[in-house]
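Each remark here refers to the structure printed beneath this line.
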Amino acid sequence: MADGNMIPLLPRSDGRLAWGNGVVSMLFDIAQDSPVRLANVAGRGMAAAEDGFEGVAAAVERDARPIVEVRVANTGSQDNRLSLIATVAGSKLRFVSARASEPAATSGEPYRLEITQFASHEALQPMGREFEPVATERDRSVDDVSSSRNCERTQRIDASQPMPDAAAGAPQSGLTVTTVFEAYPGLSAVRTYTRLHAPKPCFVEAVSSLNLTVPLTVNGGTVESSQLLWGDAAWAVENDWHMRPLRETQVRDRNQRINPGQSSSRVALSSTSTWSTGVHEPAGIVQVEESKHRRSRKARDFSVMWQIEHNGPWEWEVGEDDPGLHITAFGPEYQDHQWFTSLGEGHDFEAVPVSFAIVAGDWQQAVAEMTLQRRALRAAKARELGRTAEFERMQGLVIYNDYMNTLFGDPRIDKELPLIEGAAGVGADIFCIDAGWYDSTDGGWWDMVGEWQASTNRFGEVGLKGLADTIREHGMGLGLWLEPEVIGVKSPLARTLPDSAFFQRHGVRVCDSGRYLLDFRSPEARAHVTRTVDRLIDDFGAVFFKFDYNTVPGVGTDFEAGSVGEGLLGHCRAYVDWLDDLRRRHPEIMIENCGSGAMRADYAQLSRLDLQSTSDQCDPLVYAAIAAGAGLTILPEQQGNWGYAQQEMDDETAVFTLATGVMGRLYLSGFIDRMTEPRLSLVRDAIALHRRILTEQATLVPFWPGGLPDFNAEWLTSGLRHTEAASHWRSETEGGSSNTDLQTDYIIIWRRGGTPSLCMPLAQGDEIEQIFPDPNNPDHAPETKPWTIERLDPETIRLTAATTECPSARIFAIRHT
């Protein structure tokens, strides 16, 4: 958005500044003698941030945190236990100006707010430690609303007085920090990031993208009444989400009445290198319940969810204030990622973006809001790249891939031709040839990849081109697996590309598992990959790529970088810029994101790409747990959940694996050519139901009728439900039409063992019906009898599996009357 559309926004007479999009609202505390602080924030179903509660205007958090933290090398932090959230430079920032804009009705642009602060060069010099005065007992009374405002301690900005010179752009020696907030119309979510500028050298070792003061006090909550949700991940066991009371995590109660001040107790998760979701998810949720001691205020429970949108290192933390909670999120920083940047001499810096959603209700409401935010980010990126029509079309395509539990990277023409016949027979739109299509060495390709030339001995006389023609003759598009960011150490390209095209440390190329890693800051590296993709499109007519990523570069590169972390960040940003360029030039191409399964399922990439492989897990029983938790991390329409039915499977197992794919984005595999007609009919039923759900998915959000899935549980549930907010956003913002069948939701239930029955909530008057396997076509899976459904009371039903001799799964439709 052009700066000309931004208009000045002045603080109110009480020294506060209010902003929002009509759903989410934020209230900032502006003072002459302290940095800008977030005094209150509210979302869907909550009292607006500037309204407060029980008729008290603008209730605020007493210990509101600054909206940004900046760690500068020569000043560090004010507390060596709190190196990232008690920064000296952050505390020295002072308000300069605020500007805001509102989007045109059909532009698809967000509401935007920019708050600029400044710290002089003198303020950023090393100094002795400064101590805050110990709060009085009256100050600590969180039930005293006037005390919670803490108005007496600050000198408010007088809006009638001129702003400091920095606001007018006068040359200043110091640090200028601009915090940007963006909120799409109709959504209860905000995207935020930070910009830094200094005319002289200034060494920054950390800068927050999000520093959110959780509105505990104003909503009647406490740390004791708060829960934390976080996700763990590893290869083949992704999306393992957990929920614990905050007091049962590292956020221990140290008794701040006796030990006052900011607590160093915090939950902190981080990721290194470029598998951004390889250990933990770059997302989390805080659910705040009304404290039993404050129910007289009639405050509502609320939840906050956040996600870091970066394809490289990150860190987030939830910590205790004095009193209260903060949620702080970073991209790379020095302590954990060996990152710093030197400002000055025309070198500015912009931190990685972070989105947060806030809403009344529990964690499931927050996930629903984040789902809409993820959709908004994808739609905005499609508009930016000029491919909205192609983006919409690709939402409904079904992909068959020959890898998982099938060819496992050994494609040959005699194996592929029957699979092509089978995939076309069940109605797939894309046929993807996975790893191995370039291998002429019968399996010795791992350390030779990089040229991406078609194999000379796998596809007979017709070659890959002839096989691609056969795929198109069967009415499907060609897909190809590609690992574009690596060059095998034995590849000829390892000798012809310059050293500058690769990650380097200590003057040598970085090597991992027999591969060199391309540095996308290099024009030669980008040109090589661009030529490769263009050639595969031109020569073979590829319309789908599976971009895999099985090797990581470690901490980064020190080539032409002030730090290895800075080199890595530059590469990560250059890679997504390359993706943008590819999508502009080839808007019709569909791209899947893969990283040894879901090791980099972040929304820096997923805002740009169409599909995310959720795992490399070969066991359908374990895959159910991965798919059950995927909705917290990945949009339903992007969840590439493998459905790899086989003829030799019993009916229950075939239904189990197919059902796992139907509710997300069915990623079909298996020896479909060996199936008899009943099994083929079952696959066709799964695809038909999947297509039906795909037509509605833009107005569906994930939910979990059985609560947060436990990765090891014997019963797992997840579902997709319509919400008014989702339907409204789709119809009003994206130009779609409101779905006429808004009264049908969907759930999948997996039974992996244990008791024969499961009880779950179902509102009085709602009807539930099994739809997969279809009871109307019992001959498609004759061994799978319908499950029994019993109404136990007006709010509860009991589902009983047809058999306890083996695992089973069913999909149900819920219709609201």
Side-chain angles (χ1 to χ4, degrees), residues 229 239-243 362-364 367-368 617 619-632 636 639 641 643 650-664 686 689 693 700-722 744-775 778 781 783-817:
L229 288 83
N239 300 313
D240 182 12
W241 280 80
H242 311 273
M243 182 175 183
D362 66 6
W363 61 272
Q364 299 209 38
V367 174
Q617 175 56 246
D619 184 344
L621 297 187
V622 181
Y623 214 125
I626 295 167
L632 285 95
Q639 292 170 27
N641 295 327
D650 59 73
D651 285 353
E652 287 289 8
T653 304
V655 167
F656 194 101
T657 182
L658 289 169
T660 297
V662 165
M663 295 284 283
L689 177 58
I693 293 174
L700 294 167
V701 297
F703 79 113
W704 293 264
L708 188 71
D710 180 342
F711 205 88
N712 299 313
E714 294 177 323
W715 288 82
L716 296 164
T717 67
S718 70
L720 296 171
R721 61 183 174 89
H722 290 89
T744 302
D745 300 336
Y746 305 93
I747 61 169
I748 179 172
I749 302 178
W750 299 270
R751 180 192 173 274
R752 301 193 291 184
T755 61
S757 299
L758 172 75
C759 294
M760 58 170 278
L762 186 72
Q764 186 173 13
D766 287 357
E767 298 176 354
I768 185 169
E769 174 191 11
Q770 180 180 314
I771 56 175
F772 184 78
D774 186 355
E783 298 172 5
T784 60
K785 306 304 180 185
W787 284 10
T788 302
I789 304 170
E790 301 173 84
R791 172 70 74 172
L792 297 183
D793 59 50
E795 301 296 327
T796 311
I797 61 168
R798 179 167 58 204
L799 298 162
T800 302
T803 178
T804 57
E805 295 180 0
C806 62
S808 56
R810 298 292 187 269
I811 297 176
F812 299 87
I814 298 176
R815 295 185 175 87
H816 307 288
T817 57

task = Please assess L658 against F772 for the test side-chain contact (heavy atoms from CB on, under 4.5 Å), listing each intermediate value before the final yes or no.
result = CA-CA 10 Å; L658 289 169; F772 184 78; 4.1 Å; yes
inquiry  = Name the residue from I748, I749, I747 that meets the side-chain contact (heavy atoms from CB on, under 4.5 Å) definition with S718.
reply    =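 When side-chain contact (heavy atoms from CB on, under 4.5 Å) is applied between S718 and each of I748, I749, I747, only I748 qualifies.
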task = With rounding to the nearest 0.5 Å, note down the distance linking OH in Y746 to CD1 in I811.
result =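 It is 10.5 Å, given to the nearest 0.5 Å.
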ask   = Rounded to the nearest 0.5 Å, how far does NE2 of H816 lie from CG of L762?
value =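 Going from the CG atom of L762 to the NE2 atom of H816 covers 8.0 Å.
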Is a donor on one side and an acceptor on the other found under 3.5 Å between the side chain of [X] and the backbone of [Y]?
| X | Y | result |
| --- | --- | --- |
| W704 | G629 | no |
| E783 | D651 | yes |
| T660 | F656 | yes |
| Q364 | V367 | no |

ask   = Should E790 and T800 be marked as a side-chain contact (heavy atoms from CB on, under 4.5 Å) after you check the CA-CA gap, both sets of side-chain angles, and the distance that decides it?
value = CA-CA 8 Å; E790 301 173 84; T800 302; 4.0 Å; yes
ask   = Under the side-chain contact (heavy atoms from CB on, under 4.5 Å) test, which residues partner D774, sequence neighbours left out?
value =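 Result, side-chain contact (heavy atoms from CB on, under 4.5 Å) vs D774: N776, N777.
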request  = For A801, enumerate each residue passing the side-chain contact (heavy atoms from CB on, under 4.5 Å) test, keeping only those at least two apart in sequence or located in another chain.
outcome  =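 Per chain and number, A801 pairs via side-chain contact (heavy atoms from CB on, under 4.5 Å) with W715, R751, W787, S808.
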ask   = K785 and E652: salt bridge (Lys or Arg N to Asp or Glu O under 4.0 Å), yes or no, with the steps?
value = CA-CA 9 Å; K785 306 304 180 185; E652 287 289 8; over 6 Å; no
task = Start with the C-alpha gap between R721 and I814, add the side-chain angles, then the distance that decides, and say whether side-chain contact (heavy atoms from CB on, under 4.5 Å) holds.
result = CA-CA 9 Å; R721 61 183 174 89; I814 298 176; over 6 Å; no
